Amino acid sequence: MNDILNSPKLDKNFYVRNVVKVAKDLLGKTFVRRIKGKTLAATIVEVEAYDADDEASHSFNGRSQRNNVMFEEGGLLYVYFIYGVHFCCNVVTGKADHGSAVLIRAIEPLNHFDFLAKNRFGTTKITEKGKINLTNGPAKLCQALQIMRADNGADLLGDKIYILDAPKLKKNQIIQTTRIGITKSKELPWRFYIKNNPFVSKR
DNA sequence: ATCAAGATTACCT
DNA sequence: GGTAATCTTGATA
């Protein structure tokens with residue numbers, strides 16, 4: 001655990017690359033959220049890439065008030081509100097004005113389970129199944145980590161939300177497939193997840 | 001001005 | 001498996 005938290009932050013160069021490569025490389029890295037004096041840590045286990053010339057991407061029709069952060073240089077957090085109910089968070093990638101990001105779809109918590117459970121269910125008493133349910137979806141993990149509108153545009157090189165390096169996964173531990181919940185560009189194989197990880201949202 | 005769709009989730013049958 | 005929840009955006013009038 002201490003080894004994990006003592007790893008270096010991913011740097012600017014990591015984020016300013018092709019979005020599909022960044023997506024794949026984010027698997028296994030440690031997502032950190034500092035809030036209320038706590039340092040919440042979780043392993044990234046499922047992601048999706050959204051690129052500029054990708055019909056399913058929020059950036060496809062150009063810059064707008066909502067997707068503005070996606071067009072910044074890589075290394076920021078893009079948070080959006082969806083279905084009038086949920087927040088989802090993305091890691092902005094690529095050069096300035098490009099418009100690409102990686103949706104974080106699922107994480108595996110490493111600490112502070114009571115705090116996450118309180119945020120999700122209003123109680124610290126949870127079953128084994130409830131534990132899986134803490135962060136096995138893009139809106140669930142935002143609720144658990146208290147990521148919301150105010151966090152849109154957060155600097156991932158700052159000290160509130162950031163990602164730590166971790167050993168690169170082997171090729172055979174990564175599954176590549178099509179994305180979930182979209183109607184356009186469904187055929188692009190831009191979803192990645194860690195094989196056999198119980199926190200992955202859907203097989 | 002009105003309307004439909006949306007990178008989801010929880011709860012129902 | 002179906003659908004309500006309920007805000008924001010972009011299209012059409």
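Please read these numbers as outputs of a predicted model, since none were measured by experiment.
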> Give the rounded distance in Å between these two atoms: CZ of A:Phe87 and C1' of C:dT6.
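Rounded to the whole Å, the gap is 13 Å.
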> At under 4.0 Å, does any side-chain N or O of A:Arg149 touch on OP1 or OP2 of C:dC7?
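For A:Arg149, the contact criterion (side-chain N or O under 4.0 Å from OP1 or OP2 of C:dC7) is not met.
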> Are the charged groups of A:Lys12 and A:Glu73 less than 4.0 angstrom apart, N to O?
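Counted as a salt bridge, because a side-chain N and a carboxylate O are separated by less than 4.0 Å.
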> What's the closest nucleotide to the A:Tyr50 side chain, out of C:dT6, C:dT8, B:dA7?
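The nucleotide sitting nearest to the side chain is B:dA7.
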> Going by the side-chain hydrogen bond (donor to acceptor under 3.5 Å, both in side chains) test, name the single residue among A:Asp51, A:Asp53, A:Thr93 that passes it with A:His98.
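The option that passes is A:Asp51.
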> Is it true that A:Lys9 and A:Asp165 make a salt bridge, defined as a side-chain N closer than 4.0 Å to a carboxylate O?
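Salt bridge flag = no for A:Asp165 with A:Lys9.
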> Could you tell me the separation between the OH atom of A:Tyr83 and the C1' atom of C:dT8, rounded to a whole number of Å?
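Spelled out: OH on A:Tyr83 to C1' on C:dT8 is 13 Å.
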> If you check the A:Arg66 side chain, which of C:dA5, C:dT9, B:dT9 turns out closest?
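It is C:dT9.
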> Nearest whole angstrom, please: distance from the P of B:dG6 to the CG of A:Asn67.
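That distance rounds to 17 Å.
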> Counting only side-chain heavy atoms from C-beta out, which of C:dT8, B:dA7, B:dT8 sits nearest to A:Met70?
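That would be B:dA7.
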> So A:Asn61, base contact, sugar-phosphate only, or nothing? Heavy-atom distance under 4.0 Å.
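Nothing: the residue A:Asn61, judged by heavy atoms under 4.0 Å, touches no strand.
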> Between B:dT8, B:dA10, B:dA7, spot the one nearest the side chain of A:Asn133, thanks.
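Of the candidates, B:dA10 comes closest.
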> Check whether any side-chain nitrogen or oxygen of A:Arg120 sits under 4.0 Å from OP1 or OP2 of B:dA10, and answer yes or no.
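Checking B:dA10 against A:Arg120, a side-chain N or O does come within under 4.0 Å of OP1 or OP2.
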> Please give the distance between the P atoms of B:dA7 and C:dG1 as a whole number of Å.
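Between the two P atoms, the distance is 22 Å.
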> Looking at A:Val22 and A:Phe14, what are the two nearest heavy atoms and their distance?
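Shortest heavy-atom separation between A:Val22 and A:Phe14 comes out as CG2-O, 3.4 Å.
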> Is any side-chain N or O of A:Lys186 closer than 4.0 Å to OP1 or OP2 of B:dA7?
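Negative; the distance criterion is not met.
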> Distance check: side-chain N/O of A:Ser64 vs OP1/OP2 of C:dG10, anything under 4.0 Å?
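So the side chain of A:Ser64 is within the cut-off, an N or O lying under 4.0 Å from OP1 or OP2 of C:dG10.
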> Taking atom P of B:dA5 as reference, at what distance in whole Å does atom OH of A:Tyr80 sit?
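Going from OH in A:Tyr80 over to P in B:dA5 covers 18 Å.
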> Heavy atoms only, 4.0 Å cut-off, all strands: where does A:Ala56 land among base, sugar-phosphate and nothing?
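Base, at least one base heavy atom under 4.0 Å.
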> Do the side-chain N and O atoms of A:Lys129 and A:Asn133 include a donor-acceptor pair separated by under 3.5 angstrom?
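Checked: A:Lys129/A:Asn133 side chains show no N/O donor-acceptor pair below 3.5 Å.
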> May I ask you to test the A:Cys88-A:Ile82 pair for a side-chain heavy-atom distance under 4.5 Å?
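With C-beta onward as the side chain, the pair touches.
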> Tell me the interatomic distance from A:Gln65, atom CD, to C:dG10, atom P, rounded to whole angstroms.
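Checked: the CD to P distance equals 9 Å.
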> Treat a base pair as Watson-Crick or G-U wobble with both distances under 3.5 Å, then lay out DNA chain B in dot-bracket form, 5' to 3', with | for cross-strand pairs.
||||||.|||||.
> Just how far, in rounded Å, is P of B:dA10 from CG of A:Leu134?
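Distance check: A:Leu134 CG to B:dA10 P gives 11 Å.
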> Once rounded to the nearest 0.5 Å, what's the spacing between atom CZ of A:Phe121 and atom CG of A:Leu116?
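Result: 10.0 Å between the selected atoms.
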> Take A:Pro138 and A:Lys184, find for each the nucleotide of DNA chain B with the closest heavy atom, and name the residue whose nucleotide sits nearer the 5' end.
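On the 5' side of the pair lies A:Lys184.
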> When you measure from the centre of the six-membered ring of A:Phe81, is the NZ or CZ of A:Arg149 closer than 6.0 Å and no more than 45° off the axis?
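Verdict for A:Phe81: a cation-pi partner in A:Arg149.
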> Roughly, in whole Å, what's the span from CZ in A:Arg191 to P in B:dA7?
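Between P of B:dA7 and CZ of A:Arg191: 16 Å.
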> A:Leu103 near the nucleic acid: base, sugar-phosphate alone, or nothing, with a heavy-atom cut-off under 4.0 Å?
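Base, at least one base atom sits under 4.0 Å.
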> Nearest-Å distance, NE2 (A:His58) to C1' (C:dT9)?
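Rounded to the whole Å, the gap is 10 Å.
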